[in-house]
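In what follows, a structure is listed as C-alpha cells, so that the remarks can point back to it.
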Amino acid sequence: MAEDSPDPTQVPGAPHPRDTVQLIGQDDAQSAFLDAFTGGRLHHAWLLTGPRGVGKATLAWRIARFLLATPDPDPDDMFGAPLPTSLDVDPEHPVARRIAAGAEPGLKSVHRTENDKTKRLRDQIVIDDVRALASFFQLSAADGGRRVVIIDAADEMNVNAANALLKMLEEPPARTTLLLICHQPSRLLPTIRSRCRTLRLSSLSPEDMSVAMAQAGVEAGQNSAALSELSAGSVGEAMRLSLMDGLKIYGEVIGLLDSLPNLDRARGLALAEAAAQRGSEAKLDLLYTLIDIALARLAKTGATGVPPHIEAARNEAAVLSRLAPDATQARAWADTAQTALARARHGRAVNLDPAALVLDTLFKLSATAPSR
C-alpha cells in the first residue's frame, strides 16, 4: 500500500488498534477467550462480532499479542508456570515490541488493499488478499510455533475471497489461530460462521466511552452525552464524530429539518457544498450517516410519541416532535430514510455530483415533512 494511503482498519486521528493500551468495557469477551485458552479449548477460528467501533480490532490485537507471547498452558502441571489471569502482555516483551514495529513474523493482518491500477483502496477484500496467507503459512513459525491471522473486516470479503478463506477454515494449518473481525455477521457465508467460535462485544456505556476516548487522546468534555447518544455506544464512531466536527454537522442537519417543509435552500446549499469539496469524501460519508441517524430518531419519536431523552443538538426534541407527531408520520420518515439514502448511495456509486445528491436528499426530506 502506498505510504499516503489511509489504513482502512484505523479511525483517522486515533491510535491504531494494535497500539491501544487497554480495552475498555469488554471484560466478558476477554474472559471467555482466556477461559478457553487456559482450559485447553482454544478454537482455531474466532468470530469477533458487535457494533462497529466497540473494540473488536483492539481485542483481536490483544489476543494476537497474548497468543504469540504466552506458552501453552498445562493445567495438570503442579510445578509449571501459573496460568495467565489476563490478556495483558508486557510492552517490553519481544513479541509486543515486534508487533508495535510491524515486524512480528508470526502475525498476518488481512484487510482491504490498494488497487494497483487506480492507486485507491478497494471497497472489498479480494481473493489475492486471502491467497497471500498461503505463503505466510509455509513460513517456519517462531516462538513456540504459533501463527495468528487477523482479518479486518471479514464481512468486507467478496465472494471469491470468502470461499478461499472457507477452504482454510475447513483444513486449518496446525497451531494457527484466525481472528475474524465482523461488523455484520449476516453478510458472511453460513459455512464460515459455523466454523468459528463467536465472541460478542457490546456497546459501551457513556462512562466507559469517556474513558476509552481519553485513552485515545480525545477529550469529549461537555459533549460526551451527545457523542454517546449519536454513536450508540461505539467509541470508534464517537471519535469519528469528535474529530470531524460531527456534532456541528448534526446541528446543521437538525437546523435544516427545523426549516421544513419550506427548506432553507441557502443553508442546505452551504452544507452540500462543504461536504462535496475535493478531498471531503469522509465528511460526505459522515453527513449521510448523520442524516440517517436523524431520520431514525424522527421515526422513533413518531412511533413512541416521545423524543430522545438526550438531545444531540440544540432544540432537537422540539424539532423531532413537530416533524413526527404520530405513528403515520413515523412510517413516512422510515420509508424516506430507506428510499432517499438508497438513491444517494446509488448516485455516489455512479459518481454523480455530490452536492447535487445532498440537495436531492434534502428535497426528499422536505417533501416528507408535514405542513406547519
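Just so we're clear, the structure is a prediction, and the values are computed from it rather than from any experiment. All values below were derived from every heavy atom in this structure, side-chain atoms included, with hydrogens, water molecules and symmetry-related copies excluded.
Counting non-hydrogen atoms of neighbouring residues, nucleotides and ligands closer than 6.0 angstrom, the CG atom of D353 exceeds 12 such neighbours. Enclosure of atom CZ in R122 by more than 12 non-hydrogen atoms of other residues, nucleotides or ligands within 6.0 angstrom is indicated. Within a 6.0 Å radius of CZ in R97, other residues, nucleotides and ligands contribute 12 heavy atoms or fewer.
The salt bridge (charged side-chain N to carboxylate O under 4.0 Å, His left out) search around D292 returns none, not counting sequence neighbours.
Side-chain contact between L241 and L290: present, with at least one pair of heavy atoms (C-beta onward) separated by less than 4.5 Å. When side chains are defined from C-beta on, I63 does not count as touching F37, because their heavy atoms never get closer than 4.5 Å. Between K364 and T339 there is no side-chain heavy-atom pair separated by less than 4.5 Å. Inter-residue side-chain proximity for E170 and L166 is flagged as met; some heavy-atom pair is nearer than 4.5 Å. Within the 4.5 Å cutoff, the side chain of L365 has no heavy atoms near those of the L263 side chain. Using a 4.5 Å cut-off on side-chain heavy atoms (C-beta onward), N163 and L189 make contact. Annotation: side chain of P84 is in contact with side chain of L34 (closest heavy-atom distance under 4.5 Å). Here the side chains of I192 and L180 are in contact, with some heavy-atom distance below 4.5 Å.
No continuous path of ILVMFWY side-chain contacts below 4.5 Å connects I293 to I310, so the two sit in separate hydrophobic clusters. The hydrophobic cluster containing V126 does not contain V149, counting ILVMFWY residues as joined when their side-chain heavy atoms lie under 4.5 angstrom apart, directly or transitively. A continuous path of ILVMFWY side-chain contacts below 4.5 Å connects L257 to L247, so both sit in one hydrophobic cluster. Linking ILVMFWY residues whenever their side-chain heavy atoms come closer than 4.5 Å, directly or via other members, places L169 and L133 in the same cluster. Linking Ile, Leu, Val, Met, Phe, Trp and Tyr residues whenever their side-chain heavy atoms come within less than 4.5 Å leaves V306 and L230 in two separate clusters.
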Please output the side-chain donor-acceptor pairs of residues 344-352 that fall under 3.5 Å, not counting sequence neighbours, one pair per line with the distance.
unit_1 : atom_1 : unit_2 : atom_2 : d
R348   : NH1    : D285   : OD1    : 2.6
R348   : NH2    : D285   : OD1    : 2.7

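Checking side-chain atoms of T49 against main-chain N and O of C182 turns up no donor-acceptor pair under 3.5 Å. Not one N or O on the side chain of Q184 forms a donor-acceptor pair closer than 3.5 Å with the backbone of S186. Looking at K56, its side chain never comes within 3.5 Å of a backbone N or O of H183 through a donor-acceptor pair. Judged by distance alone, the side chain of W61 and the main-chain N or O of H16 form no donor-acceptor pair under 3.5 Å. Of the possible polar contacts, none joining the T361 side chain to the L359 backbone as a donor-acceptor pair under 3.5 Å is found. Remark: side-chain polar atoms of E156 are not paired, donor with acceptor, to backbone N or O of D123 under 3.5 angstrom. Looking only at distances, no side-chain donor or acceptor of R131 sits under 3.5 Å from a matching main-chain atom of A164. In terms of modelled atom types and a separation under 3.5 Å, the side chain of S366 and the main chain of P261 share a donor-acceptor contact. A donor-acceptor pair is defined here as one N or O able to donate and one able to accept, closer than 3.5 Å; no such pair exists between the side chain of D335 and the backbone of A332. Remark: side-chain polar atoms of R193 are paired, donor with acceptor, to backbone N or O of L188 under 3.5 angstrom.
Across all non-hydrogen atoms, the minimal contact from V54 to S234 is CG1-CA, 4.0 Å. Of all heavy-atom pairs spanning L284 and A275, the tightest one is CB-O, 3.5 Å. Smallest separation of non-hydrogen atoms from A238 and L227: O-CD2, 3.9 Å. The two atoms that bring A294 and L320 nearest to each other are O-CD2, 4.5 Å, heavy atoms only. Considering every non-hydrogen atom in both L179 and V148, the closest pair reads CD1-CG1, 3.8 Å. Taking all atoms of both residues into account, the shortest heavy-atom contact from A276 to A355 is CB-N, 3.5 Å.
Put simply, CG on D129 and NZ on K108 are 9.0 Å apart, with the number rounded to the nearest 0.5 Å. How far CE of M239 is from CE of M213: 6.5 Å, rounded to the nearest 0.5 Å. One distance of note links CZ of R146 with CG of D72; it measures 4.5 Å at 0.5 Å rounding. S231 OG to R52 CZ: the interatomic distance, rounded to the nearest 0.5 Å, is 13.5 Å. Taking CZ of R200 as the start and CG of L47 as the end, the distance is 8.5 Å to the nearest 0.5 Å. The OG1 atom of T113 sits 8.0 Å away from atom CG of L121, with the distance rounded to the nearest 0.5 Å.
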Could you walk me through whether D88 and R62 pass salt bridge (Lys or Arg N to Asp or Glu O under 4.0 Å), step by step? CA-CA 7 Å; D88 292 340; R62 280 177 64 79; 2.7 Å; yes
Audit row: L323, Q329, side chain to side chain contact (heavy atoms under 4.5 Å, CB included) steps and yes/no: CA-CA 8 Å; L323 293 176; Q329 192 63 44; 6.0 Å; no
Stepwise, does the salt bridge (Lys or Arg N to Asp or Glu O under 4.0 Å) test hold for R240 with E237? CA-CA 5 Å; R240 183 168 77 121; E237 187 63 13; 2.8 Å; yes
Does the pair L165 and L178 meet the rule for a side chain to side chain contact (heavy atoms under 4.5 Å, CB included), with working shown? CA-CA 10 Å; L165 178 65; L178 289 93; 3.8 Å; yes
Report the C-alpha distance between I254 and E311 in whole Å, list the side-chain angles of each, state the deciding distance to 0.1 Å, and finish with yes or no for side chain to side chain contact (heavy atoms under 4.5 Å, CB included). CA-CA 11 Å; I254 295 300; E311 287 189 314; over 6 Å; no
Could you walk me through whether R147 and R175 satisfy the side chain to side chain contact (heavy atoms under 4.5 Å, CB included) test, starting with their C-alpha distance in whole Å, then the side-chain angles of each, then the deciding distance to 0.1 Å, before giving a yes or no? CA-CA 6 Å; R147 297 184 184 88; R175 296 184 60 74; over 6 Å; no
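If you run side chain to side chain contact (heavy atoms under 4.5 Å, CB included) between D258 and each of D264, V319, V253, only V319 comes through. Tested against I181 for a side chain to side chain contact (heavy atoms under 4.5 Å, CB included), the candidates I150, D155, V110, L201 yield a single pass: I150. Shown are L59, T38, L42; of these, the side chain to side chain contact (heavy atoms under 4.5 Å, CB included) with F33 is made only by L42.
For residues 312-323, every residue pair satisfying the side chain to side chain donor-acceptor pair (under 3.5 Å) rule, not counting sequence neighbours, is listed here: Y250-E316, R297-E316.
Between H43 and W46, the two ring planes are perpendicular [angle over 60°; tilted spans 30° to 60°].
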